[in-house]
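Below: one structure, written as structure tokens.
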Amino acid sequence: MPTGYVNDEVYQKHDTRDHVEGKDRLTAINAVLEKTKVKEQLVLIPPRPASIDEIAAVHDREYISSLKAEIDSGGGWLDPDTYASPGSWDAALYAAGGLMNAVDAVMKKDVDNAFALVRPPGHHAVRSHQMGFCLFNNVAVAAKYALGNYDIKRVLIIDFDVHHGNGTQEAFYSDSQVLYFSTHEYPWYPFTGAAEETGQKAGEGYNVNVPLEADLGDKEYLQAFNEILVPVARRFEPELMLISAGYDAHWQDSISNMNVSTLGFARMARIIKAISDEFCSNKLVYTLEGGYHRQALAFSVTATFDMLMGNSEVFDPLGAPPMAYSPHDFDDFIKKIRSIHKLKD
Ligand SMILES: [Zn+2]
């Protein structure tokens with residue numbers, strides 16, 4: 001079966017002008033998907049708008065209506081980081097709805113797996129307000145939707161955006177049905193995501209943060225995936241995997257200090273696919289979060305599609321970072337996280 005993708009002009013209605021999270025991110029991705037002929041191998045999944053009830057599974061209704069009112073009156077800066085234009089309301093509803101359609105396509109096995117190329121991104125949006133370029137928490141809305149509409153009880157969210165997904169963590173902090181796993185630069189925006197934040201009440205142990213010091217690259221990310229994510233997934237046995245895919249840990253991306261390469265993102269995608277093959281009959285859906293260096297983003301998304309389709313070749317014109325920093329005590333860090341989560345295998 002083919003790999004599906006959500007891709008639609010509606011996402012360009014979120015016109016943030018010269019904001020770093022701009023419309024040209026999707027333009028750049030589409031250009032490389034076309035040039036590499038990856039696009040012609042994919043099946044298009046049309047998006048739909050999320051309903052207010054679906055959004056309200058994650059966000060306060062007061063926030064939803066005040067956001068609508070702000071956008072209806074012309075938008076502008078909602079906070080020092082987050083911008084909305086008159087078209088942002090539609091784009092935001094279709095971002096969450098596009099991801100839900102991708103979940104449907106994967107759950108019904110219309111496609112093998114899928115990637116929703118949506119904006120605005122979502123993982124910083126919290127219950128009561130927008131935050132960090134995000135209006136609605138798309139991945140959280142989709143996880144709630146999947147749990148409510150399919151006979152499944154365990155959703156694994158993997159978030160490799162360079163920033164901690166504080167909104168997603170908040171949405172499921174007391175919930176054992178959604179396991180949130182995040183690798184992120186730390187301390188860094190939004191300054192949440194410490195290793196000791198492990199969940200509470202029924203959700204205790206279902207929140208796995210891997211807070212990484214600055215400058216790390218492929219080697220450390222892959223070690224964290226192999227030695228923390230894989231055993232966490234083996235214990236959790238997910239029935240659906242949702243991936244908050246941000247590519248701002250790329251060494252070319254100036255929003256962070258990390259040194260991941262396009263090839264590194266491809267290797268992470270390969271591990272994620274192997275987990276989904278082994279534990280949840282390949283029910284795997286990606287959604288776009290950050291990634292601000294246009295070329296790095298476009299090449300890395302394309303490499304992810306190659307891995308989703310089972311291709312082995314990766315197009316990586318940017319190559320490896322000029323300097324690779326590997327801390328001598330990284331094994332101890334991994335051991336510490338494994339011990340917090342009592343991982344034995
Ligand atoms: Zn980010």
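Whatever order the structure lists them in is the order used to number ligands and atoms, beginning at 1.
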Does any N, O or S atom in His163 come within less than 2.8 Å of the Zn ion (ligand 1)?
->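 True for His163.
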Does the ring centre of His59 sit less than 6.0 Å away from the ring centre of Phe136?
->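 Distance test on ring centres: under 6.0 Å, yes.
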Going by distance alone, is a donor N or O of one side chain under 3.5 Å from an acceptor N or O of the other, for Glu185 and Asn257?
->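 On atom types as modelled, these side chains qualify, holding a pair under 3.5 Å.
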Between Asp53 and Arg61, is the closest basic N to carboxylate O distance under 4.0 Å?
->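 Salt bridge present between Arg61 and Asp53.
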Report the relative orientation of the aromatic rings in Phe160 and Phe265; use parallel for angles under 30°, tilted for 30 to 60°, perpendicular for over 60°.
->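 The arrangement is tilted - the two ring planes meet at 30° to 60°.
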Atom name, Asp161 (N, O or S, nearest to the Zn ion (ligand 1)) =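 Answer by atom name: OD1.
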Which atom, counting only N, O or S, brings Asp248 closest to the Zn ion (ligand 1)?
->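 Checking each N, O and S atom of Asp248, the shortest distance to the Zn ion (ligand 1) belongs to OD2.
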